Structures are given as structure tokens and as C-alpha cells.
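Working notes, beginning with the structure itself.
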Amino acid sequence: MSGDGGRAIDFEDALGYLLPWEFSLTWSAACLMAILLYLRGLRQRRLRGDATGVRRSVAYLLGVAATYVVTQTHYDYLAQYMFFTHRAQHLVLHHAAPFLIALAAPLPVLADGLPARIRHFPGKGLAVDLLSPLYRLLQHPLIAPVLFVGLIYFWLIPEIHFDAMLSADLYQVMNWSMALDGLLFWWLILDRRTPQQGGLGYGKRIAILLAVIPPQILLGAYIAFSREVIFDVYEVCGRAWPLDPLDDQRLGGLITWVPATMMSAIGVLIILSFLFRDARNEDLARANHPVQ
Amino acid sequence: MGKWVVPVLVSLWLTGCGEQEWQTKDISGLMPPLEFTLTDEKGNTVDVESFRGEPTLLFFGFTHCPDVCPTTLARLGTAIKRLDDDTQEDMQVLFVSVDPARDDPETLKEYTDAFGPQFVGLTGDKEALDALTRRYRVTYGYGEKDDNGNYDVSHSSAVFAFNDLGEVRLLIRDSDPLEAVVADLERLADDT
């Protein structure tokens, strides 16, 4: 084989890794729409003369891109045939990517990106009325953390995990539920509105972030320290490469445990920065309008 | 928690249907019917048509496999010997090697003959193997070669069971008791 031929094959292989393992219209369309709407919104705002923070835009685009990478590239293959790579996929879908997206507070930009026709469609009020009770329920400060931790536990019940990894449809339901719940949770926590503007109180946000740590540590440690294989589906379906099942499980347990709970710590730091920002703004307001 | 979840789920699932139940994992309708083009123990290209009309068990492995393959195949052999004579004869077990580099037709023949007349060795190139493993949502992979050129192969440990029409019925796991496997193989032979 000539050197050129070898390179061509390498290039093809590399390209293959970027293509979806199992193409999903829902993931591809959702990610593509999220990017296109945002870019369109950015352009509209620039034409209008409104500034959009570069760091926010980068966080948003990175979050959407990460979601795309773990669901619609060859990474999805690894996530289906190895436990620890599966846990890393869920770390991105449920923790890291929605965290970045929520941190970017992209709603105003996305709204600007919507074509006017859709922005003012007649059923909008009705849809909001119908969905807002459900939204308020899911975003209740007691329900949101239970849902956040509950979903991690639910999909890791061995029998349910087995079915989810074996059935193509259930697999999609699992990943979507993680991504949507992640968005809801971090949206609630990283809400840019101050408590006075309708955002959740900072104390409650910190309490929620701290409350979800122990159950994740418990689950991660239980998996990491287990001496038996808990999730036999990777044996049943075969692993992407021959890795000792217990090593695979230990790594998966550690991913469920350490980086997942570190996200809470980062979240607390960000809430504290919100708090200081609000205090600074109040001081400034007071300095400009001294009480008579 | 795992102690009660499984029985509860299983009983919920059992109350759903009235018929006699499969005792290993029922995957009817979850996966497509059996289909492949592979190389048999004589080096001929064969497809699923050569195996239609009889209940078929499908297992992926490699002949250098130290534990899972011989154990699973021997257990299937034991289960098949417990069936009545006619059913025994009808049953066919397809052992698909995912290590074609080491498993040529002769090696495969020697290997499968040791487990019984029902066992047939098949293999194929990467494309053919990928198509079949992907069809049943399983995979395989190779480890690093050691100094002697030996390497480990990861593969599915499950046995897929098809009725005589080639429709998928069961996924049999290592953890399933032998009695359950025997009962299900009997039922599979009657299933059309």
C-alpha cells in the first residue's frame, strides 16, 4: 500500500469518528437548532447595537457542542459499550453541558434569534399557560433536587440499566431525560434573576447544591467499591475493548462520585459571586442615591 | 434496594401476560430477525437461509477464549442434551468467531465439534462481523498483543435465541439457571 493510500484511510477513519454511531434526528436537530437560533440571535443583537458577552456565548456554544459530541459522534459507541464512558456521557449530559448552557443565560439571545412569525404565534399564551404549572412543579426547590438525584439512581437500577442499554428506544429516552433534567436543574440554580426579580433565593440554591452531594457520593462510592459486577449488560453486549469489568465499574463509580459532586462546589462558588455582585450593586445604588 | 426491585418488576411484568412465560430474558420484537452472510467451517460463504426452519442459538466468541466461551458453550451442550431426541437434533448453535485472524475454518470445526453435533462455527471479515454484531446491539474489541502475539478479545457473553422462522425470542445470560434454559429451549422448539 502506498503512503498516500494509508493517509487516505486514516483520514476516513478520523472522519468516521466524527459521524454519528446511531444517527438520531432528535439530537441532531435539537443541537443544530440551538446553535443556529443562537447565532441568528447574536447577529440580530449586533445589528441593534446590543452587546452580548463573549464568555457567555462561548459557554453556551461549548455546552451545545459537548452535548452533540457525546450523542452524535463515535463517542456514543463507547458510551454504549463501556460503563465508565457511559458515566462520562451522563456527566456531560446531566452536569457539565447544561451547566454551561444555563450559566450563559441564553434565553434573550435565543428569543432574538426566533423568526418574528414564531415569536408572536397565536397559541403562545395558551402554551405558556398550560406548561407553566408543570414547570413550576418541576422547579420547586424540594422537587428539583429529588428529581436530579432520583434520575441518576433510577437509570442505574441494574435491571432498568440493562433494558436501557439493550433497547435503542429506551436508550434515547434515558439520555434525553438526563439532558432535560440537567437543563431544568442548572437553570434553576444559575438563574441570573436576583431573588427580588423572581429568582430562587441564594440560600436555597446553595442548600440544593449541597443536598445533592451526599446521595451522589453514596452511589458513586457504592459502585466504585463494589466487589461484584453490578451492571452485567456490558458483559452481555461486549465491551469496546477488553477491560477488566471491575476496573470499568470502579472508574464509572469514581466519575459518578468525584466530578459530579465537584460541579456542586463550582455551583456554590458561582452563587456566592452572584451574591457579592448583588451586594455591590446595592451599595452602588445607595451611593448614587443617598438616603435623605 | 436491588433486592426487591427485580422481583417487583418481574412480577409486574408477569401479570401483564396470560401465557406461559419465558424464564430467560424475552426480547421478542426488540431486535430484528436473524440475518447474516458469513464463512462456514468448510470455508464456504453461507447466509441465514442455510439455517432456516430450525430453532437457532447465536453466540459470539473466539476459540482462544479462556473462560466465557467454553463455559457458555458447554452449558448450552448440557441443556440441549436434556431435551427430547427430536428437539436435540433440530437445535442448532451458531458460534460466530469475532477473531477471524486466528480462527480459520479448520480451527473452528475442531473447536465446535468438541461441544456436540449441533454446534456450527462461523466467522467473517470485519464488515460481515460488524453488520451482525451491530444488528443485535453487541460489540467486540481486541486487546494489546503480548510478547508471544497472544491477545484478549472482548465479546458479548449472551446467547441470542431465534425460533425456526428466524424471529428473535430470547437473550440467555450466564446467570440464568440451567433449568430455566432447558425449559425455554423446549418452548422455543414449539414456538412458531
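Per chain, numbering begins at 1; letters A, B, ... match sequence-line order. Predicted, not measured: the structure shown is a model, and the values here were computed from it.
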Please classify the contact between A:Y222 and chain B as side chain, backbone, both or neither, with a heavy-atom cut-off of under 4.5 Å.
neither
Would you kindly check if the NZ (Lys) or CZ (Arg) of B:R135 is within the cone defined by 45 degrees around the ring axis of B:F160 and under 6.0 Å from the six-membered ring centre?
no
Side chain, backbone, both or neither: which part of A:F162 has a non-hydrogen atom closer than 4.5 Å to chain B?
side chain
N-O pairing of A:E22 and B:R134 below 4.0 Å
no
Considering only heavy atoms and a distance below 4.5 Å, find which of A:M165, A:R239, A:Q80 pairs most often with chain B.
A:R239
When the 4.5 angstrom heavy-atom criterion is applied to B:R173 and chain A, the contacting part is side chain
Is there a donor-acceptor contact under 3.5 Å linking the side chains of B:D99 and B:Y140?
no
Heavy-atom pairs under 4.5 Å with chain A, option from B:G143, B:G141, B:S156 with the top count
B:S156
In terms of heavy-atom pairs under 4.5 Å, which option from B:R137, B:H155, B:M31, B:E144 contacts chain A the most?
B:R137
Indicate whether the side chain of A:Q216 and that of A:T261 have a donor and an acceptor atom separated by less than 3.5 Å.
no
Side chain, backbone, both or neither: which part of A:D169 has a non-hydrogen atom closer than 4.5 Å to chain B?
neither
Do A:H90 and A:N175 get their side chains close enough for a donor-acceptor pair, meaning under 3.5 Å?
yes
